[in-house]
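Data first, discussion second: the structure below is written as structure tokens.
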Amino acid sequence: MVKHTATHLLNFALGCVLGDHTEQKGSHITAERLRFDCSIRAPLTGQQLEKIEEIVRDVIRRDEDVYTAEVPINQANQIRGLRRVDEIYPDPVRVVSVGVSVDQLLHSTNKHTSVELCCGTHLLRTGLIQDLAIVSERQLGKGISRIITVTGQEAKEAREVGRVLTEEVDSLSVRLNSGLKLLLDLQKLSKEVGQLTDLVDGAVMLHRERRDLQERLRALHRAANTSVRKLESRAAAENVRLFLENRSDQALLIDAFPDQSIAVLMKMVNQICEKMPQSSVMLLSQQNTGKVFCACQVPKDLVSRLSAADWAHTVCTRMGGNAGGSHIVAKGMGSSSNLEEIIKLATEYARNKI
């Protein structure tokens with residue numbers, strides 16, 4: 001009863017906001033939510049969604065009577081604003097009107113309210129709906145939109161979820177704008193943005209708020225990742241500077257750096273090969289979790305003898321992991337407690353191939 005009466009109010013509000021050309025194309029009601037399909041010319045904007053919700057909630061706040069009456073179909077068709085679906089109706093028909101009696105509608109052309117032909121069960125007063133929230137709106141095909149709404153306590157909870165998630169996004173924005181300087185802090189923030197994005201995508205909340213938060217999170221993710229890449233490049237450049245201080249040109253460079261991300265390792269390998277283009281380079285980094293990252297690069301004129309992909313695969317499979325890439329550049333991951341043994345293996349493999 002709650003969802004059915006709410007469906008009528010939603011249908012009325014859609015007509016108010018989008019015009020009488022918007023027609024119901026189907027609906028489905030469960031105890032948890034209502035689904036409403038309608039013809040529509042374009043996806044609903046956040047402002048339109050807010051206006052539709054406000055019209056429905058205003059009728060709910062006014063706690064209006066819900067009237068029903070059976071009348072001849074030719075008289076019912078004269079009622080201003082009558083909404084109906086494309087199907088055959090019996091004669092007489094049952095008219096359901098909100099806030100204005102059916103008799104008044106039959107004798108006046110100035111009344112504008114929710115009025116439909118319907119034989120279903122309804123509430124006696126709109127206040128029993130308590131609240132309505134649109135939690136989803138998507139295009140089923142050209143010109144057809146599917147709207148999902150919840151009512152009552154579920155609607156109030158959807159608004160609360162939106163409030164909490166908005167505060168979480170605000171908090172991440174403040175942290176990013178505070179100017180984080182450490183790479184680990186920025187990497188952590190970027191990961192949190194991804195996790196919060198998953199929460200927002202799957203949350204039962206106001207659809208317009210979800211779209212706003214998704215847009216903000218995409219912007220935060222771009223900004224955080226840009227900052228991460230800048231700091232990774234700086235960290236890689238400093239590591240490479242220290243690494244090459246006491247090294248002359250060498251055909252083979254293999255070493256380990258603790259607690260470096262795979263992104264930093266790849267940048268380091270690339271920067272070393274730019275400075276020493278005739279060198280074959282493999283760098284490893286052991287994490288405090290026990291995992292070991294591997295990155296390597298081989299000069300183009302050596303790939304017929306030493307493939308970067310094969311080199312990384314050999315080293316990473318020895319560590320119980322895997323690797324992939326091209327003949328020139330490759331990366332992978334495994335686990336080992338003895339990096340000296342892994343470096344020895346990588347060195348022997350490369351020397352034998354070269």
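It should be emphasised that the depicted structure is a prediction, and the values quoted were computed from it without experimental measurement.
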Is [X] reaching over with its side chain to a backbone N or O of [Y], donor-acceptor style, under 3.5 angstrom?
| X | Y | result |
| --- | --- | --- |
| Glu53 | Ile134 | yes |
| Thr5 | Val2 | no |
| Thr113 | Gly99 | no |
| Thr22 | Ile40 | no |
| Ser97 | Val102 | no |
| Ser336 | Met319 | no |
| Arg94 | Thr68 | no |
| Arg318 | Ile342 | no |
| Ser285 | Gln260 | yes |
| Gln48 | Thr45 | yes |

Salt bridge present between [X] and [Y] (N-O < 4.0 angstrom):
| X | Y | value |
| --- | --- | --- |
| Asp170 | Arg216 | yes |
| Asp212 | Arg208 | no |
| Lys51 | Glu54 | no |
| Glu192 | Arg175 | yes |
| Lys353 | Glu348 | no |
| Arg163 | Glu167 | yes |

- Query: Under 4.5 Å between side-chain heavy atoms, hopping through other hydrophobics if needed: is there a path connecting Val269 to Val298?
  - Reply: yes
- Please answer: with hydrophobic residues joined when any side-chain heavy atoms are less than 4.5 Å apart, are Leu183 and Val240 in the same cluster? yes
Can a side-chain donor-acceptor contact be found between [Y] and [X] if the only test is distance below 3.5 angstrom?
| X | Y | value |
| --- | --- | --- |
| Ser101 | Gln104 | yes |
| Gln24 | Asp37 | no |
| Gln214 | Asp201 | yes |
| Thr30 | Lys3 | no |

Taking the side chain as every heavy atom from C-beta outward, state whether [X] and [Y] have any pair of such atoms under 4.5 Å apart.
| X | Y | answer |
| --- | --- | --- |
| Val264 | Asn239 | yes |
| Tyr67 | Val100 | no |
| Ser173 | Leu220 | yes |
| Lys191 | Gln195 | yes |
| Leu253 | Met276 | yes |
| Thr347 | Leu252 | yes |
| Val329 | Gln297 | yes |
| Thr149 | Val135 | no |

- Stepwise side chain to side chain contact (heavy atoms under 4.5 Å, CB included) test for Leu34 and Leu10: CA-CA 10 Å; Leu34 69 90; Leu10 177 63; 3.9 Å; yes
- Query: Should the pair His8 and His122 be assigned to parallel (<30°), tilted (30 to 60°) or perpendicular (>60°) ring geometry?
  - Reply: perpendicular
[X], [atom1]: over 12 other non-hydrogen atoms inside 6.0 angstrom:
| X | atom1 | result |
| --- | --- | --- |
| Asp20 | CG | no |
| Arg41 | CZ | no |
| Lys331 | NZ | no |
| Arg351 | CZ | no |

Nearest 0.5 Å, what's the [atom1]-[atom2] distance between [X] and [Y]?
| X | Y | atom1 | atom2 | result |
| --- | --- | --- | --- | --- |
| Asn11 | Ser114 | CG | OG | 7.0 Å |
| Phe36 | Arg146 | CZ | CZ | 12.0 Å |
| His207 | Arg210 | NE2 | CZ | 6.5 Å |
| Ile129 | Arg61 | CD1 | CZ | 12.5 Å |
| Ile262 | Leu265 | CD1 | CG | 5.0 Å |
| Asn270 | Leu283 | CG | CG | 11.5 Å |

- Name the one of Leu44, Ile147, Val17 that satisfies side chain to side chain contact (heavy atoms under 4.5 Å, CB included) with Leu49? Leu44
- Contacts of type salt bridge (charged side-chain N to carboxylate O under 4.0 Å, His left out), residue Arg222, not counting sequence neighbours: none
- Query: In chain order, what residues pass the salt bridge (charged side-chain N to carboxylate O under 4.0 Å, His left out) check against Glu215, with sequence neighbours excluded?
  - Reply: none
- Item | Verdict with supporting geometry, Glu137 and Arg211, salt bridge (Lys or Arg N to Asp or Glu O under 4.0 Å) | CA-CA 10 Å; Glu137 187 267 329; Arg211 290 200 305 209; 3.7 Å; yes
- Item | side-chain hydrogen bond (donor to acceptor under 3.5 Å, both in side chains) between Gln287 and Asp259, worked out | CA-CA 5 Å; Gln287 312 297 298; Asp259 294 324; 5.1 Å; no
- Give the C-alpha distance, both sets of side-chain angles, the deciding distance and a yes or no for side-chain hydrogen bond (donor to acceptor under 3.5 Å, both in side chains) between Gln187 and Ser190. CA-CA 5 Å; Gln187 289 171 332; Ser190 179; over 6 Å; no
- Begin from the C-alpha positions of Glu157 and Arg159 and carry the test salt bridge (Lys or Arg N to Asp or Glu O under 4.0 Å) through to its verdict. CA-CA 5 Å; Glu157 290 172 0; Arg159 296 180 191 282; over 6 Å; no
- Item | Trace of the salt bridge (Lys or Arg N to Asp or Glu O under 4.0 Å) decision for Arg241 with Glu245 | CA-CA 6 Å; Arg241 184 186 68 79; Glu245 267 186 353; 3.0 Å; yes
- Task: Decide salt bridge (Lys or Arg N to Asp or Glu O under 4.0 Å) for Glu232 and Arg229; before the verdict, give the C-alpha distance in whole Å, the side-chain angles of both, and the deciding distance to 0.1 Å.
- Result: CA-CA 5 Å; Glu232 285 176 343; Arg229 286 193 293 271; over 6 Å; no
Quiz: residues 301-313 side-chain donor-acceptor pairs under 3.5 angstrom, not counting sequence neighbours:
from   : atom 1 : to     : atom 2 : distance (Å)
Arg305 : NH1    : Ile354 : O      : 3.1
Ser307 : OG     : Ala309 : N      : 3.3
Ser307 : OG     : Asp310 : N      : 3.3
Ser307 : OG     : His327 : ND1    : 2.9
Trp311 : NE1    : Ala346 : O      : 3.1
His313 : ND1    : Asn322 : OD1    : 3.3

